[in-house]
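Worksheet: one structure, shown below.
From a predicted model like this one, the values you see are computed outputs, not experimental measurements. Scope of the values below: all heavy atoms of this structure, side chains included, with no hydrogens, waters or symmetry mates.
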Amino acid sequence: MNLDAPVVLAPIVSGTWQVDHLGTDKVGHLEGTASPGDPSNVVLAAHVTTAHKVYGPFAGMGRLQPGHEIIVYAGDEAFTYIVDYRRLVERSDVEVVYPTDTGRVTLITCNNWSDEQQSYQQRLVVVGHLVTSAQTPEAPSDGS
C-alpha cells in the first residue's frame, strides 16, 4: 500500500470502537487489542474513504496479497508481519479482533458500499503473522 501514517488510539466508547477522529490520514489501534510485537492480535483500522468521498489510509488495502510485508512501528521498534490472507466479513463480525496465541496483525476497513442503505455492508480484513522485530539488544550478562 506504500502507506506511512500515524497510528492513534481508537478508544471504546459506550461499547463501540470510535474511529470518526481518524479522518483521511490516521490509522486507529483498537483499544484492548495487543501492542505491536506482542504474542497476540494487534488490530488496526482505518477508513477506505471519508464522508467527503476522499480516499482514506486503507483505500489500497484490497491490493494486499499473501506474502506481502506489513511493517508496524511502536516508537523506534519495527515489527514485520507477513500477510497470510484477506477476506470479507459482516460488519458485526467481532471474531476477527479476538486475542490470538501468536503474534498477528489484523487490518480492518469498510467494503461494499450500498447507495440504497447509504452505508458499507461488509468489512475487508487482512491478517498477517509476526516474523521479525527490530528490538534493542539486551545488555550482556556479567555472569553474577
Side-chain angles (χ1 to χ4, degrees), residues 1-140:
M1 294 188 322
N2 292 323
L3 175 64
D4 183 4
V7 177
V8 298
L9 181 66
I12 297 172
V13 177
S14 300
T16 303
W17 280 290
Q18 299 301 300
V19 295
D20 295 343
H21 67 291
L22 300 178
T24 61
D25 61 343
K26 295 180 190 83
V27 174
H29 178 200
L30 299 189
E31 180 179 19
T33 68
S35 295
D38 284 354
S40 193
N41 193 9
V42 180
V43 183
L44 304 175
H47 296 298
V48 66
T49 60
T50 66
H52 300 71
K53 301 292 183 186
V54 174
Y55 289 121
F58 280 2
M61 198 169 99
R63 294 189 303 261
L64 288 176
Q65 298 292 325
H68 283 158
E69 281 188 349
I70 299 169
I71 301 172
V72 180
Y73 292 89
D76 291 334
E77 294 184 68
F79 300 93
T80 302
Y81 297 84
I82 300 296
V83 173
D84 294 315
Y85 62 89
R86 66 179 186 183
R87 66 182 174 134
L88 292 175
V89 298
E90 296 305 312
R91 294 184 319 184
S92 60
D93 186 352
V94 295
E95 185 177 307
V96 298
V97 304
Y98 287 175
T100 57
D101 293 334
T102 58
R104 171 188 286 187
V105 67
T106 300
L107 309 180
I108 300 175
T109 198
C110 296
N111 201 46
N112 291 332
W113 175 260
S114 167
D115 285 331
E116 182 180 314
Q117 296 184 14
Q118 291 294 298
S119 65
Y120 286 98
Q121 300 305 297
Q122 293 179 303
R123 303 289 182 250
L124 174 62
V125 176
V126 172
V127 175
H129 65 277
L130 179 65
V131 290
T132 62
S133 62
Q135 299 178 351
T136 307
E138 292 184 27

Residues Val127, Tyr81; criterion side chain to side chain contact (heavy atoms under 4.5 Å, CB included); working and verdict: CA-CA 9 Å; Val127 175; Tyr81 297 84; over 6 Å; no
Side chain to side chain contact (heavy atoms under 4.5 Å, CB included) between Arg123 and Val96, worked out: CA-CA 10 Å; Arg123 303 289 182 250; Val96 298; over 6 Å; no
Side chain to side chain donor-acceptor pair (under 3.5 Å) assessment of Ser119 paired with Gln121: CA-CA 6 Å; Ser119 65; Gln121 300 305 297; 2.9 Å; yes
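Separating the CG atom in Leu44 from the CE atom in Met61 is a distance of 10.0 Å, to the nearest 0.5 Å. Atom-to-atom distance recorded for Trp17:CH2 and Ile108:CD1 is 7.5 Å, nearest 0.5 angstrom. Here CG of Leu124 is found 10.0 Å from SG of Cys110. Values are rounded to the nearest 0.5 Å. Rounded to the nearest 0.5 angstrom, Asn112 CG and Glu90 CD are separated by 9.5 Å. Taking OG1 from Thr80 and NE2 from His129, the interatomic distance works out to 10.5 Å, rounded to the nearest 0.5 Å.
When the side chain to side chain contact (heavy atoms under 4.5 Å, CB included) test is applied to Ser14, no partner is found at least two apart in sequence or on another chain. Qualifying side chain to side chain contact (heavy atoms under 4.5 Å, CB included) partners for Val19, counting only residues two or more places apart in sequence or in other chains: Ala10, Leu22, His47. Remark: Asn41 engages Thr106 in a side-chain hydrogen bond (donor to acceptor under 3.5 Å, both in side chains) (not counting sequence neighbours).
Looking at every heavy atom in both residues, Asp25 comes nearest to Pro6 through O-CD, 3.2 Å.
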Check residues 28-37 and write down every donor-acceptor pair under 3.5 Å in which the side-chain atom is one partner and the other belongs to a residue at least two apart or another chain.
from	atom 1	to	atom 2	distance (Å)
His29	NE2	Thr33	OG1	3.2
His29	NE2	Ala34	O	2.7
Glu31	OE1	Ile12	N	2.6
Thr33	OG1	Leu30	O	2.7
Thr33	OG1	Val43	N	3.4

Under 3.5 Å donor-acceptor pairs involving side-chain atoms of residues 63-73, not counting sequence neighbours:
from	atom 1	to	atom 2	distance (Å)
His68	ND1	Gln65	N	2.9

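Annotation: ring pair (Phe, Tyr, Trp, His ring centres under 6.0 Å) contacts involving residues 86-119, sequence neighbours excluded, comprise Trp113-Tyr120.
Remark: the backbone N or O of Glu116 is not paired with any side-chain donor or acceptor of Gln118 at under 3.5 angstrom. Between the side chain of Ser40 and the backbone N or O of Pro99, no donor-acceptor pair lies under 3.5 Å.
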